[in-house]
Amino acid sequence: MDKKKKLAVRILAGFFIAMAVCTIIARAAASLMVAQVNVDKVRRGRLTYSYTGSGKIVPEKEEQIFLWPGQQVEKAAKEGSTVKRGECLVQFRGEYLLKTIEQKQSEVEQLKLRREQQLISTRETQRVPASASAALALKSAEDRLAQAWQKEADAQYAYDSEESEELKQQLYQEVQSTQAEAASLEQAVTDAQNAYDLACQQDAAQEENDANAREAAELGIKDLDIQIRQAEEELKKLQEYQAADGKIYAEKTCVILKSGVQEGSISTGTEVLTVGNSGWRLQGTAGTEEKEVLEAGLQVEIETSSSEKYKVEIESVAQDRDGENTGILSGQTGNADAGGDPAAEVTFWSASLPDGMVAAYNETFIWKTEIETEEEFDQIIPQSALREGASGYYCLVLSEETGMLGTVQAAKKVNVNVIKKDGEKAAVEGGLKRDSQIIVSSDKYVEEGDQVRIKENEN
């Protein structure tokens, strides 16, 4: 009997040993098949939005230099080149300048001669008025009429005094003759008076015309005086150009930003050299989303083409039409967000160079900034924990289940509503608890109900 009991004990012990070995083997196999996951917890906090863009180094100040008009350009500084103080920006041909000076001197002399001619026109003209001769003719007609009236009176008196009928007949004929002569002379006086009146009107008109001509001549002299002064000023300026050896020099060390100058061309005075001087500044370009958050005082991080990073503070923000910028914005060509549309508005920010940064014209950089939301959310989770199904967003959390092999961990589905997202996190609401262990990543694909285990930290 004792032997049977001992055998039974041995069989039972072997069974338990076998079971233990099988459990160990099963658990080892399960550990190889079960997905290893990384988990995180629900946190209260704010979302953080990241904004990025590009930028470049621009001059602190800009200046426009206009060319001398009427000169032939021999040499001009190229766009992008640096010109030191006292060096030549533009050089004109000396012989062309000399020829222009001679032409201007000749122009001044011709204007002065025209002024002398106009001066003669202002003098009083010497002439005999037409009314003078007309007055003499009127006086002569009036004298003859007076004589005719006297002869008529004398004939009438002789006729009235004569008693002889025969002689009286002769005197009557003489009276009629003197009356006819007087009547004719009266008409002559009337004609002479009309001629005199007309001559007076002509003299008045002539005097007015002469006065207008003198006034026009005086105005012509004033106009010529203006032209002479202008020509003399231009001549003086040309002589100054000549004294400067036909060169325009840089008053400060500068960079040529834009050049409207073409070598060999004749300048019109509208050509412009746009130069930058007085140091350098940072100028960032913002896209449609970025411009909404840019403001003076905002901290941004820049990274140069040589991978150096600096923290700077935005000093000003401006908007301008693409290609129509002013000040430090001049010369920009917009960004991709503007779509190349010449009428699109482009947003720029400006900041001083950070200490220790060595800048060069047109050097580029990348900028970025992060801004937290003012609102604080109760449930913030990593976006990698979010999944989307037919019914909306959900997460997988760890839950414990008891089975033949003991207590194991499995993935459990929890539905959530997404309120907002940033680049890495999401603000949600729903069935998550503060102590929920949310699956954020795994080495295998995991679905609801799958057994999982937390990946051990490798130290």
Asks: Can you give me the closest heavy-atom contact between Arg123 and Arg214, atom names plus distance?
Replies: O-CD, 4.0 Å
Asks: Compare all side-chain heavy atoms of Tyr310 with those of Phe365 and state whether any distance is below 4.5 angstrom.
Replies: no
Asks: Lys78 versus Glu263: any side-chain heavy-atom pair under 4.5 Å?
Replies: yes
Asks: Could you state the interatomic distance from CD (Glu363) to CG (Leu282), rounded to the nearest 0.5 Å?
Replies: 9.5 Å
Asks: Identify the two heavy atoms, one from Gln118 and one from Gly220, that lie closest to each other, and give their separation to 0.1 Å.
Replies: NE2-CA, 3.6 Å
Asks: Can you name the closest pair of heavy atoms from Asp203 and Ala130 and give their distance?
Replies: OD1-N, 2.9 Å
Asks: Take atom CD of Glu215 as the centre, draw a 6.0 Å sphere, and report whether it contains more than 12 heavy atoms from other residues, nucleotides or ligands.
Replies: no
Asks: When you compare the side chain of Ile226 with that of Arg229, does any pair of heavy atoms fall below 4.5 Å?
Replies: yes
Asks: Salt-bridge test for Lys104 and Glu107: reply yes if a basic N is under 4.0 Å from a carboxylate O, no otherwise.
Replies: yes
Asks: Before accepting this row, confirm whether a basic side-chain N of the pair Lys237/Glu240 lies closer than 4.0 Å to the acidic partner's carboxylate O.
Replies: yes
Asks: Taking the side chain as every heavy atom from C-beta outward, state whether Val58 and Leu257 have any pair of such atoms under 4.5 Å apart.
Replies: no
Asks: Tell me every residue that passes ring pair (Phe, Tyr, Trp, His ring centres under 6.0 Å) with Tyr241, counting only those two or more places apart in sequence or in another chain.
Replies: Trp68
Asks: Do Gln227 and Asp223 have side-chain atoms, one donor and one acceptor, less than 3.5 Å apart?
Replies: yes
Asks: Between Lys368 and Glu290, is there a side-chain N and carboxylate O pair less than 4.0 Å apart?
Replies: no
Asks: For Tyr96, does its backbone N or O pair with a side-chain atom of Thr100 as donor and acceptor, under 3.5 Å?
Replies: yes
Asks: Decide whether Ser350 and Gln283 meet the rule of one side-chain donor and one side-chain acceptor closer than 3.5 Å.
Replies: no
Asks: Please name all residues satisfying side chain to side chain contact (heavy atoms under 4.5 Å, CB included) with Glu374, sequence neighbours left out, ordered by chain then number.
Replies: none
Asks: Any chance you could measure Leu294, atom CG, to Gln319, atom CD, to the nearest 0.5 Å?
Replies: 10.0 Å
Asks: Show the atom names and distances, to 0.1 Å, of all donor-acceptor pairs under 3.5 Å that link a side chain in residues 432-440 to residues at least two apart or in another chain.
Replies:
unit_1, atom_1, unit_2, atom_2, d
Arg434, NH1, Asp378, O, 3.4
Ser436, OG, Lys433, N, 2.9
Ser436, OG, Lys433, O, 3.2

Asks: State, to 0.1 Å, how close Gln242 and Leu98 come at their nearest heavy-atom pair, and which atoms those are.
Replies: NE2-CD1, 3.6 Å
Asks: Identify the two heavy atoms, one from Val83 and one from Glu87, that lie closest to each other, and give their separation to 0.1 Å.
Replies: CG1-CB, 3.7 Å
Asks: Walk me through it: do Val428 and Val42 pass the test side-chain contact (heavy atoms from CB on, under 4.5 Å)?
Replies: CA-CA 10 Å; Val428 300; Val42 178; over 6 Å; no
Asks: Run the side chain to side chain donor-acceptor pair (under 3.5 Å) test on Glu313 and Gln299 for me, step by step, so that the C-alpha distance in whole Å, both residues' side-chain angles and the decisive distance to 0.1 Å come before the verdict.
Replies: CA-CA 5 Å; Glu313 182 177 301; Gln299 296 284 336; 3.1 Å; yes
Asks: Please enumerate all residues that pass side chain to side chain contact (heavy atoms under 4.5 Å, CB included) together with Arg46, with sequence neighbours excluded.
Replies: Glu372, Thr373, Glu376
Asks: Can you tell if the side chain of Leu89 reaches within under 4.5 Å of the side chain of Cys254, non-hydrogen atoms only?
Replies: yes
Asks: Check Asn277 against Pro59 and note the closest heavy-atom contact, atom names and distance.
Replies: N-CB, 3.9 Å
Asks: Any side-chain to backbone donor/acceptor pair from Ser131 onto Tyr196? Under 3.5 Å, distance only.
Replies: no
Asks: Any ring pair (Phe, Tyr, Trp, His ring centres under 6.0 Å) involving residues 368-389? Give me the pairs, sequence neighbours left out, ordered by first then second residue.
Replies: none
Asks: Indicate yes or no: does Lys252 engage Glu63 in a salt bridge with an N to O separation below 4.0 Å.
Replies: no
Asks: Pair Gln71, Val73 - check side-chain contact (heavy atoms from CB on, under 4.5 Å), show working.
Replies: CA-CA 6 Å; Gln71 301 303 307; Val73 180; over 6 Å; no
Asks: Are the side chains of Lys455 and Asp443 in contact, using a 4.5 Å heavy-atom criterion?
Replies: no
Asks: The criterion is side chain to side chain contact (heavy atoms under 4.5 Å, CB included); which residues satisfy it with Phe66, sequence neighbours excluded?
Replies: Gln64, Val272
Asks: Step by step, work out the side chain to side chain donor-acceptor pair (under 3.5 Å) result for Glu315 and Ser352.
Replies: CA-CA 8 Å; Glu315 297 175 2; Ser352 300; 2.5 Å; yes
Asks: Check the surroundings of atom CD in Glu303: do more than 12 heavy atoms from other residues, nucleotides or ligands lie under 6.0 Å from it?
Replies: yes
Asks: Can you check side-chain contact (heavy atoms from CB on, under 4.5 Å) on Trp280 and Met357, steps first, answer last?
Replies: CA-CA 11 Å; Trp280 307 106; Met357 181 177 179; over 6 Å; no
Asks: Just so I know, are the side chains of Ile380 and Leu47 near enough to count as touching, which here means a heavy-atom distance under 4.5 Å?
Replies: yes
Asks: Is any side-chain heavy atom of Gln105 closer than 4.5 Å to one of Leu235?
Replies: yes
Asks: For Glu62 and Lys258, run side-chain contact (heavy atoms from CB on, under 4.5 Å): C-alpha distance rounded to whole Å, both residues' side-chain angles, the deciding distance at 0.1 Å, then the answer.
Replies: CA-CA 10 Å; Glu62 284 191 9; Lys258 280 185 180 180; over 6 Å; no
Asks: Which value, rounded to the nearest 0.5 Å, describes the distance between Tyr394 atom OH and Asn415 atom CG?
Replies: 9.5 Å
Asks: Is any NZ, NE, NH1 or NH2 atom of the basic residue among Glu447 and Arg387 found under 4.0 Å from an Asp or Glu carboxylate oxygen of the other?
Replies: no
